[in-house]
Amino acid sequence: MSGANGVSGQGLSASRQWRGVIEEYRELLDIPEGTPAVTLREGGTPLVHSEWLSGLTGAEVWLKVEGNNPTGSFKDRGMTTAISVALAEGAKAVVCASTGNTSASMAAYAAKAGLTPVVLVPEGKIAAGKMAQAVLHGSQVIQVRGNFDDCLRMAREMAWHYPVSLVNSVNPVRLQGQKTAAFEICDFLGDAPDFHLLPVGNAGNIAAYWLGYTQYAALGRATKRPVMRGFQAEGAAPLVTGEPFPDPETAATAIRIGNPASWKLAEAARDESGGRFAAVSDPQILAAQKELAAHDGVFVEPASAAGVAGLLAELAAGESYRGRTVAITVTGHGLKDIATALEGLTLPDLVVDADVDAAARAAGL
Ligand SMILES: Cc1ncc(COP(=O)(O)O)c(C=O)c1O
Ligand SMILES: N[C@@H](CCOP(=O)(O)O)C(=O)O
């Protein structure tokens, strides 16, 4: 899951190493001047052309593969900025509420910075890979009898009453880092795409992309801004219905969020771009996850497939993207949640003697 992979993908020469999003885009980030970067060289992730989805749609469909970040999700872009600023401001400890990825990312960057990470998660709802990351990077992980929204309320209060800095995306410095994904897409394509599709949970990421696209258009580095389409899980779709979900539920645990903190910013991105929010069911999400792995070689966690599931659902409903350029963010790596990926699958049990002909026969060659 290395992020320093911008060498060919970002048009860099082989001798030039990707430096992480702060050093690559410092002059475009609203963070205190001269803030030393705490970085794991996040960003510079591949924009992979999807022959499968391009063939289905008649569009040029590109996947922004954020699982290639150092901790396996897009959160690293925002965590480099949040942890760098927190450290520069003298923080000794950091806290977040999480459905998993934010805690994994915070813990890694806190370890790098020598800060103490405190994590609040909904009890029993965190994928094992993410929990392992948080624990191995040295977090104090506190499970809460409640959902993510309860955890976020507690994290805000903890940061208010105790000497600990909050690094959830309600911290605006997070969005500064996360907007760099929009910069990278424009830099790679030479302009903004016509459409940008992505999963939405707490809604920081759609807000960050919109910031980035807006900034690039204002600077003349892009001629347009994309139409933003955000996809939520049916059981946790407050932006679709317009009402908080008191008991959000979905197999896509990363987006099991009933009351997104960046609700207003997400609505602004939708309205200013002429976009929309829509819901996709868990079976649609899990089917998209499998198809993406099988057709494009990109293995993502369930929540990360919501944008692709959304595109497929729209196509089935008669929507056309023909002739357009479409970017879809696939937000996190599939290895984070193996249990869900394997659910309902029959694992191969072909066992042969140590004999090549027997293996070839078993393989049907
Ligand atoms: C893998 C993954 N995808 C998508 C999201 C949604 O991002 P956001 O909360 O910024 O809307 C999250 C976190 O919520 C996530 O962990
Ligand atoms: N999916 C998120 C939820 C909270 O994230 P944030 O970006 O709003 O801090 C997670 O991974 O915890």
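When a ligand or atom number is given, it counts from 1 through the structure's own listing order. Since the structure is predicted, the reported quantities are computational estimates derived from the model, not experimental observations. We use all heavy atoms of the structure for the numbers below, so side chains are in, but hydrogens, waters and symmetry mates are not.
Salt-bridge annotation for E184 and K64: present, with a side-chain N of the basic residue lying under 4.0 Å from a carboxylate O of the acidic one. Taking 4.0 Å as the cut-off between side-chain N and carboxylate O, D337 and K130 do not count as a salt-bridged pair. One finds a salt bridge joining R16 and E24 here, because a Lys/Arg side-chain nitrogen approaches an Asp/Glu carboxylate oxygen to under 4.0 Å. A salt bridge is absent between E301 and K336: the closest approach of a Lys/Arg side-chain nitrogen to an acidic carboxylate oxygen does not fall below 4.0 angstrom.
Of the N or O atoms in T99, one or more lie within a sub-3.5 Å distance of an N or O in ligand 2. Taking distance alone, with nitrogen or oxygen atoms compared against 3.5 Å, Q178 stays at or beyond that limit from ligand 2. Checked against a 3.5 angstrom limit, the closest N/O atoms of A254 and ligand 2 fall inside it.
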For ligand 1, what N or O to protein N or O distances fall under 3.5 Å?
unit_1   : atom_1 : unit_2 : atom_2 : d
ligand 1 : 3 (N)  : T331   : OG1    : 2.7
ligand 1 : 9 (O)  : N202   : N      : 2.7
ligand 1 : 9 (O)  : A203   : N      : 3.4
ligand 1 : 10 (O) : G204   : N      : 3.2
ligand 1 : 10 (O) : N205   : N      : 2.8
ligand 1 : 11 (O) : G201   : N      : 2.8
ligand 1 : 11 (O) : N202   : N      : 3.3
ligand 1 : 11 (O) : A203   : N      : 2.7
ligand 1 : 14 (O) : A254   : O      : 3.2
ligand 1 : 16 (O) : N101   : ND2    : 2.8

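Looking at residues two or more places apart in sequence or on another chain, you find a ring-ring contact (aromatic ring centres under 6.0 Å, His included) between F195 and Y321. Qualifying salt bridge (Lys or Arg N to Asp or Glu O under 4.0 Å) partners for K112, counting only residues two or more places apart in sequence or in other chains: none.
Close approach of ligand 2 to N168 (heavy-atom distance below 4.0 Å) involves ligand atoms 4 (C), 5 (O), 6 (P), 9 (O). Remark: ligand 2 atoms within the under-4.0 Å shell around heavy atoms of S98 are 10 (C), 11 (O), 12 (O). Listed by atom number, the atoms of ligand 2 under 4.0 Å from I257 heavy atoms are 3 (C). Of all atoms in ligand 2, listed by their number and element, those nearer than 4.0 Å to a heavy atom of F148 are 3 (C), 4 (C).
Residue pairs meeting the side-chain hydrogen bond (donor to acceptor under 3.5 Å, both in side chains) criterion with at least one member in residues 276-295, sequence neighbours excluded: T250-D282, R276-E314, R276-E319, S281-Q284, E291-H295.
In the model, T39 has no side-chain atom that pairs as donor or acceptor with a side-chain atom of R19 under 3.5 Å.
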